[in-house]
Amino acid sequence: MIKRFFRIGLIYLSVSGFVSVLSVSAQQNLPSPKPRLVVSIVIESFRPDFLDRFWEGFGEHGFKRFIQQGTQCTNTEYPYLFCQSPTDQTTIATGAYPSRHGISTRSSYDRKTTLLTPCFFDNNSNLIGSGSGKGMVSARNMMAGTIADALQMHTYGESKVVSIALDENRAVALAGHSADAAIWLDNYSGNWVSSSYYGPILPGWVSESNTKGSAAFYMSKKWEPLLSLGNYVYNKHILRRNKPQSFSVDLSSNKPSSGPYQMLKSTPFGNNMVFEMAINAIQQTDMGKDDIPDLLMLNISGINPLLLDRGAYSMELEDLFIRIDQSLGDFVDAVDRAVGKQNVLFVVTGAQPAVNTPDDLAPYNIPSGKFDAQRVSALLNAYLMALYGQGTWVTGYFGQQFYLNHELIENSRKSLWDVQKVASEFLSEFAGVALALPSYAIRENQYVTGLKWQMQNSWFIPKSGDIMIALSPGWSESAKTGEELEGISSSSSTVPLMWYGWKIPRQHINSRVYTTAIAPTIAEILGISKPNGAVDSPIDINYR
């Protein structure tokens, strides 16, 4: 009898122990009440049609996983006219229009000196991690708080907040004012560097990574097609030639004046380094390991100065996004192993979506052209001289904005508004100009839709010009070889937006969503206040 009860007891203990193990295992796989880690990934030049066009080249663990297992917002737009990467990154981070956050273009035009200053330049900050002296930046010119700032305030600075990009402007735009680290790749040393604005020294895990010489390793490589040539859409459907096309980029043979490592940022290898540093940050700083939420923000390069003359249908662009897809999948798998997918919220979107160039559109007889701002500025100045007398009436142009000589106008006893009106009417006559709007119209009116609304959202009064123009669909600005296009037409402002992980359901949201809603949505999910300049409500994601 005693033996029987003993055996029953052993069976009970075994079963209850097994049930306990199952219970603990189930608890470990349950999502945390709030995400322990939010990973925001912004991909340059990313357009919604790339997901469909390059679908066959993608693996199962990258973009396909986000679409098939997460929430996809299929109609996401920037709510302003002039898309440039630092502006777009700042809008994503703050949830504010450029007219509120202050980063309306990647550089600011100075009326007095007629020079351009990078949007985040700060003479009071020093470069940390390299002796090149390049990259004195901070978030002081950003007039609104970011989702990172809101999170740090909510947790009294206990959250770990890290921003990683290849470029200083992108890193600062995502990091905001109070990140623990904002790092980027230095063009001259190949080191990961930062600004003294975020601390007097580099974090230890960044310094340790610099000793490995990853940049020099990647610089010894050639960028060539990842797939067999016949598997590229470019070769299948675009050229329709008997002989498949290929390409080869030798990084070691290119030594740009802006630094030997600048070319690295123009290839998939630079993106590899960003993902590697992101995994390093998670592992070395224990991000996502406790109930205090952390935030990791990444910028991934897309089309760039190397590819500008080849358009949005180039084989290099296709290969670049296939490689981004592969790296994204590997990265998500690594984060899953380190933190657990159920504890991580991933957000993927795009910045400065790639524009269809006139060369892309011409074979299909779609109206297009290039706007030569330098030539138009000279003609506008000549026209104003014919009306008002000799002088430099137009002092400069940048960011689809013309700057007039206020001092000359005042000394000539002319009305600034009258000169702006005359100038805007003159500019409206040029091919490729859909609309020219003087600044007094933006100051005096409140637009609610259309091009004027977009222009008003792009207009930051302290740094704005006197007339802003909107280019017609299919038109882009002329650019010197090796330089970024100044902007894109207002018809190219849509980007992908995907949410994955944590409690995110499989869902398609087809209603229009603006990128200004991203930060408020993250804030709602984390249970914190949205950034102080945010203009939108959260996206209605039916997370469980």
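This is a predicted model, so every value here is computed, not measured.
One finds the CG atom of N272 at 9.0 Å from the NZ atom of K221 (value rounded to the nearest 0.5 Å). Taken to the nearest 0.5 Å, the CG atom of L328 stands 13.5 Å off from the NZ atom of K64. Distance OG1/T494 to CZ/F46: 11.5 Å, rounded to 0.5 Å. Interatomic distance, Y188 OH to Q262 CD, rounded to the nearest 0.5 Å: 8.5 Å. How far CD of E168 is from SG of C119: 9.0 Å, rounded to the nearest 0.5 Å. Note that the OH atom of Y97 and the OG1 atom of T516 stand 5.5 Å from one another [nearest 0.5 Å].
T74 and N510 are linked by a side-chain donor-acceptor pair at a separation below 3.5 angstrom, with hydrogens and angles left out of the test. S207 and N210 form no side-chain donor-acceptor contact under 3.5 Å, judged by distance and modelled atom types alone. Counted by atom type alone, D294 and S159 present zero donor-acceptor pairs between their side chains at under 3.5 Å. With no hydrogens or angles considered, a side-chain donor-acceptor pair links D186 and S189 at under 3.5 Å. In summary, the side chains of R100 and N532 do not present any donor paired with an acceptor at a separation below 3.5 Å, with no hydrogens or angles considered. A donor and an acceptor atom, one from each side chain of E44 and S85, are located under 3.5 Å apart. When only modelled atom types and interatomic distance are considered, N457 and S99 share no side-chain donor-acceptor pair under 3.5 Å.
Take F121 and apply the ring-ring contact (aromatic ring centres under 6.0 Å, His included) test, not counting sequence neighbours, and it matches no residue. Applying the side-chain hydrogen bond (donor to acceptor under 3.5 Å, both in side chains) criterion to D122, with sequence neighbours excluded, gives S125, S138, R140.
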Stepwise side chain to side chain contact (heavy atoms under 4.5 Å, CB included) check, L151 with I147: CA-CA 6 Å; L151 179 60; I147 185 64; 5.6 Å; no
Passes side-chain hydrogen bond (donor to acceptor under 3.5 Å, both in side chains), H177 versus T146? Steps please. CA-CA 8 Å; H177 304 83; T146 65; 5.4 Å; no
Step by step, would you call R36 with D290 a side chain to side chain contact (heavy atoms under 4.5 Å, CB included)? CA-CA 7 Å; R36 292 183 175 180; D290 55 36; over 6 Å; no
Test side chain to side chain contact (heavy atoms under 4.5 Å, CB included) on Y198 and V172 and set out the steps. CA-CA 10 Å; Y198 295 102; V172 172; 3.6 Å; yes
Candidate pair M297 and Q89, rule side chain to side chain contact (heavy atoms under 4.5 Å, CB included), full reasoning: CA-CA 10 Å; M297 297 156 292; Q89 315 275 348; over 6 Å; no
side-chain hydrogen bond (donor to acceptor under 3.5 Å, both in side chains) evaluation trace for Q84 with T105: CA-CA 6 Å; Q84 283 195 329; T105 53; 4.9 Å; no
Go through the steps to decide whether N191 and S130 satisfy the test side-chain hydrogen bond (donor to acceptor under 3.5 Å, both in side chains), and finish with yes or no. CA-CA 7 Å; N191 284 342; S130 172; 5.3 Å; no
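Between K265 and D167, no side-chain nitrogen of the basic residue sits less than 4.0 Å from a carboxylate oxygen of the acidic one, so the salt-bridge criterion is not met. Under 4.0 Å is where a charged nitrogen must lie from a carboxylate oxygen, and between R512 and E77 at least one such pair does. Between K236 and E318, no side-chain nitrogen of the basic residue sits less than 4.0 Å from a carboxylate oxygen of the acidic one, so the salt-bridge criterion is not met. Note on R323 versus D319: salt bridge recorded, some NZ/NE/NH1/NH2 to OD/OE distance being below 4.0 Å.
Put simply, the side chain of S314 gets close to the backbone of L317: a donor and an acceptor are under 3.5 Å apart. A donor-acceptor pair is defined here as one N or O able to donate and one able to accept, closer than 3.5 Å; such a pair exists between the side chain of T267 and the backbone of L264. For the pair D336 (side chain) and K341 (backbone), a donor-acceptor distance under 3.5 Å is present. Formation of a donor-acceptor pair under 3.5 Å by the T285 side chain with backbone atoms of A281 is found in this model. Remark: the backbone N or O of V162 is not paired with any side-chain donor or acceptor of D180 at under 3.5 angstrom. With N271 contributing its side chain and I300 its backbone, the two residues share no donor-acceptor pair below 3.5 Å. Between the side chain of T87 and the backbone N or O of S104 there is at least one donor-acceptor pair closer than 3.5 Å. Here the side chain of N299 pairs no donor or acceptor atom with the backbone of R170 at under 3.5 angstrom. Between the side chain of N187 and the main chain of G259, no donor-acceptor pair closer than 3.5 Å is present. Side chain of D325 to backbone of G59: a donor-acceptor contact under 3.5 angstrom is found.
If you look at Y80 and Y78, their ring centroids are closer than 6.0 Å. Taking the ring centroids of W223 and F247, they lie under the 6.0 Å cut-off.
Residues I67 and M498 are in side-chain contact: their nearest non-hydrogen atoms beyond the backbone lie under 4.5 Å apart. The side-chain heavy atoms of P293 and P35, taken from C-beta on, include no pair separated by under 4.5 Å. Using a 4.5 Å cut-off on side-chain heavy atoms (C-beta onward), L296 and I282 make contact. I541 places a side-chain heavy atom less than 4.5 Å from the side chain of P505. By the 4.5 Å heavy-atom criterion applied to side chains, W192 and L166 are counted as neighbours. When side chains are defined from C-beta on, E524 does not count as touching I522, because their heavy atoms never get closer than 4.5 Å. Annotation: side chain of F331 is not in contact with side chain of V274 (no heavy-atom distance under 4.5 Å). In this structure, the side chains of F346 and W499 stay at 4.5 Å or more apart for every pair of heavy atoms.
Considering all non-hydrogen atoms of both residues, S537 and P520 come closest at C-CB, 4.2 Å. Considering all non-hydrogen atoms of both residues, G176 and A139 come closest at O-CB, 3.3 Å.
With a 6.0 Å radius and a threshold of 12 heavy atoms from other residues, nucleotides or ligands, E56 has its CD atom at or below the threshold. In this structure, M153 places its CE atom where only 12 or fewer heavy-atom neighbours from other residues, nucleotides or ligands lie under 6.0 Å away. Within a 6.0 Å radius of CG in L227, more than 12 heavy atoms belonging to other residues, nucleotides or ligands are found.
The cationic atom of R53 (NZ for Lys, CZ for Arg) lies less than 6.0 Å from the six-membered ring centre of Y313 and within 45° of the ring axis.
Sorted by first and then second residue, the ring pair (Phe, Tyr, Trp, His ring centres under 6.0 Å) pairs with a member in residues 134-157 form an empty list; sequence neighbours excluded.
Tested against F63 for a ring pair (Phe, Tyr, Trp, His ring centres under 6.0 Å), the candidates F321, F54, Y500, F58 yield a single pass: F58.
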